[in-house]
Amino acid sequence: MVRTDRRGRRAAVPGSRSGQAQWATVDALVERVTAWFAHAARDLPWRAADRTPWGVLVSEVMLQQTPVVRVEPVWRAWMERWPTPAALADAPTSEVLRAWGRLGYPRRALRLADCARAIVARHDGEVPSGEEALRALPGIGEYTAGAVRAFAFGRRAVVVDTNVRRVQARAVTGVALPAPSYTAAERRLAVSLVPDGDEDAAAWAAASMELGALVCTARTPRCDRCPVQDLCAWRLTGFPPDEHAHRRRTQSWDGTDRQVRGRVMAALRTADGPVHRALLADAGPESQLDRCLAGLVEDGLAETDEAGRFMLPA
DNA sequence: AATGCGGGGGA
DNA sequence: TCCCCAGCATT
């Protein structure tokens with residue numbers, strides 16, 4: 001397996017005592033995790049042999065900050081209803097938001113519909129495979145573009161999600177958890193770990209994510225079942241504790257705008273028609289409710305009729 | 001670099 | 001209860 005950085009030189013791998021790259025170790029890491037994936041991979045519908053690039057893209061957007069178990073049933077229903085970008089492009093926003101259900105962050109659903117329309121308009125209804133074309137689509141950032149390239153097209157891509165960040169933080173850097181926010185150093189390390197060929201790179205992307213999801217988990221890692229336990233820098237140094245534990249602040253939930261917005265959206269999703277503001281009073285205090293309603297309208301998640309009632313956009 | 005943005009299930 | 005989950009867009 002060959003691996004070079006952009007300048008054709010060996011890139012330094014943090015965590016190695018000498019500061020020099022330890023390519024034998026990196027190659028073993030990549031090869032073993034990839035081999036492990038071959039038998040340990042979950043049987044997920046968007047990985048099926050008959051998968052489509054559109055199905056992969058839809059799954060990736062749904063999986064942005066939402067666990068697999070909650071996405072799976074919604075994805076199945078969604079793909080049955082809107083099997084192509086063209087189908088979703090024609091769907092009413094209200095139906096899109098209802099189908100999205102309680103996955104959370106409903107703005108993702110709006111962007112996914114916008115994405116479908118952009119694919120129809122710019123790419124003749126076919127999901128593009130190019131990095132730049134993918135990144136230009138609504139709701140598609142660096143991670144999702146790479147994931148679609150790797151998983152839908154089998155192309156080389158740097159795919160760094162929360163799982164990959166944690167796996168490389170432990171196995172290579174030797175720390176309990178990555179920093180709260182994604183750093184340039186992490187990205188450089190991730191780039192240096194990606195094998196050169198399309199097939200190897202795509203396999204590494206899937207395998208490293210899966211290892212983080214099933215074995216190298218945030219809460220209770222199952223090191224006894226880890227294929228790289230003997231070369232894990234975190235384990236070899238005695239499992240040092242999380243350095244920035246003190247900075248991880250549990251984001252409050254009770255009483256937040258997010259909670260109120262969520263309640264309003266839940267009410268609008270289940271309502272048959274326009275809803276009077278008075279019927280939304282349960283969602284939160286008056287001034288907060290007004291602010292949230294205005295925000296939802298601003299975001300395109302809600303509309304008002306001539307009587308000032310609220311509803312999902314047509 | 002920091003924020004805002006949902007919701008739920010397991011530890 | 002707390003914590004985390006296949007992030008993105010905006011500032």
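Quick caveat: nothing in here was measured; it's all calculated off a predicted structure.
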Would you kindly give the [atom1]-to-[atom2] distance between [X] and [N], to the nearest whole Å?
X	N	atom1	atom2	answer
A:Trp253	B:dG8	CH2	P	8 Å
A:Arg269	B:dG6	CZ	P	10 Å
A:Glu72	B:dG9	CD	P	15 Å
A:Leu296	B:dG4	CG	P	16 Å
A:Arg187	B:dA1	CZ	C1'	17 Å
A:Leu177	C:dC2	CG	C1'	15 Å
A:Met62	C:dC5	CE	C1'	16 Å

Taking any heavy-atom pair under 4.0 Å as a contact, classify [X]: base, sugar-phosphate, or nothing.
X	value
A:Ala147	nothing
A:Leu44	base
A:Arg165	nothing
A:Trp100	nothing
A:Val71	nothing

Tell me whether [X] is salt-bridged to [Y], with the criterion being a basic N under 4.0 Å from an acidic carboxylate O.
X	Y	answer
A:Arg111	A:Asp114	no
A:Arg261	A:Asp257	no
A:Arg76	A:Glu80	no
A:Glu132	A:Arg135	no

Side-chain donor-acceptor pair present, A:Arg108, A:Thr66, cut-off under 3.5 Å:
yes
So does A:Arg219 reach the base of C:dC4 with its side chain, donor to acceptor, closer than 3.5 Å?
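No, the side chain and the base share no sub-3.5 Å donor-acceptor pair.
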Would you say the base of B:dG7 and the side-chain of A:Arg102 have a donor-acceptor pair closer than 3.5 Å?
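No.
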Could you check whether any side-chain N or O of A:Arg149 sits under 3.5 Å from a backbone N or O of A:Ser129, counting only pairs where one atom can act as donor and the other as acceptor?
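Such a contact is found between A:Arg149 side chain and A:Ser129 backbone.
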How does DNA chain B look in dot-bracket notation if pairs are Watson-Crick or G-U with both distances under 3.5 Å, crossing ones as [ ], other-strand ones as |?
|||||.|||||
Partners meeting side chain to side chain contact (heavy atoms under 4.5 Å, CB included) with A:Ala41 (sequence neighbours left out):
A:Phe37, A:Arg47, A:Glu210
Would you say B:dG9 has OP1 or OP2 under 4.0 Å from some side-chain N or O of A:Arg70?
no
Ignoring backbone atoms, establish whether A:Arg263 has a side-chain N or O less than 4.0 Å from OP1 or OP2 of B:dG6.
no
Can you tell which of A:Leu193, A:Val191, A:Val164 makes a side chain to side chain contact (heavy atoms under 4.5 Å, CB included) with A:Val158?
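The passing option is A:Val191.
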When rounded to the nearest 0.5 angstrom, what is the spacing between CH2 in A:Trp234 and CD in A:Gln168?
15.0 Å
Quick check: on DNA chain B, is the nucleotide nearest A:Asp299 upstream (toward 5') of the one nearest A:Ala184, or the reverse? Name the residue that is more 5'.
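On the 5' side of the pair lies A:Ala184.
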Go nucleotide by nucleotide along DNA chain B from the 5' end; which of A:Arg261 and A:Val69 gets its closest nucleotide reached first?
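Final value for this comparison: A:Arg261.
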In sequence, state the C-alpha distance, the side-chain angles, and the governing distance for A:Tyr143 and A:Gln64, and then conclude on side chain to side chain donor-acceptor pair (under 3.5 Å).
CA-CA 9 Å; A:Tyr143 162 77; A:Gln64 291 166 1; over 6 Å; no
Measuring from the side chain of A:Pro67 (C-beta onward, heavy atoms only), which nucleotide among C:dA6, B:dG7, B:dA2 has the closest atom?
B:dG7
Using the side-chain heavy atoms of A:Asp257, tell me which of these nucleotides is nearest: B:dC5, C:dC4, B:dG6.
B:dC5
Distance between P atoms of B:dG8 and C:dC8 (Å, rounded):
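Between the two P atoms, the distance is 23 Å.
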Using the P atom in both, what is the distance from C:dA6 to B:dT3, to the nearest Å?
24 Å
Are there any protein N/O atoms within less than 3.5 Å of an N/O atom in nucleotides 7-11 of chain C, and if so, which ones and at what distance?
{"residue": "C:dG7", "atom": "OP1", "partner": "A:Thr162", "partner atom": "N", "Å": "3.4"}
{"residue": "C:dG7", "atom": "OP2", "partner": "A:Gln65", "partner atom": "N", "Å": "3.2"}
{"residue": "C:dG7", "atom": "OP2", "partner": "A:Gln65", "partner atom": "NE2", "Å": "3.3"}
{"residue": "C:dC8", "atom": "OP1", "partner": "A:Gly141", "partner atom": "N", "Å": "3.0"}
{"residue": "C:dC8", "atom": "OP1", "partner": "A:Thr144", "partner atom": "N", "Å": "3.0"}
{"residue": "C:dC8", "atom": "OP1", "partner": "A:Thr144", "partner atom": "OG1", "Å": "2.6"}
{"residue": "C:dA9", "atom": "OP1", "partner": "A:Gly139", "partner atom": "N", "Å": "2.7"}

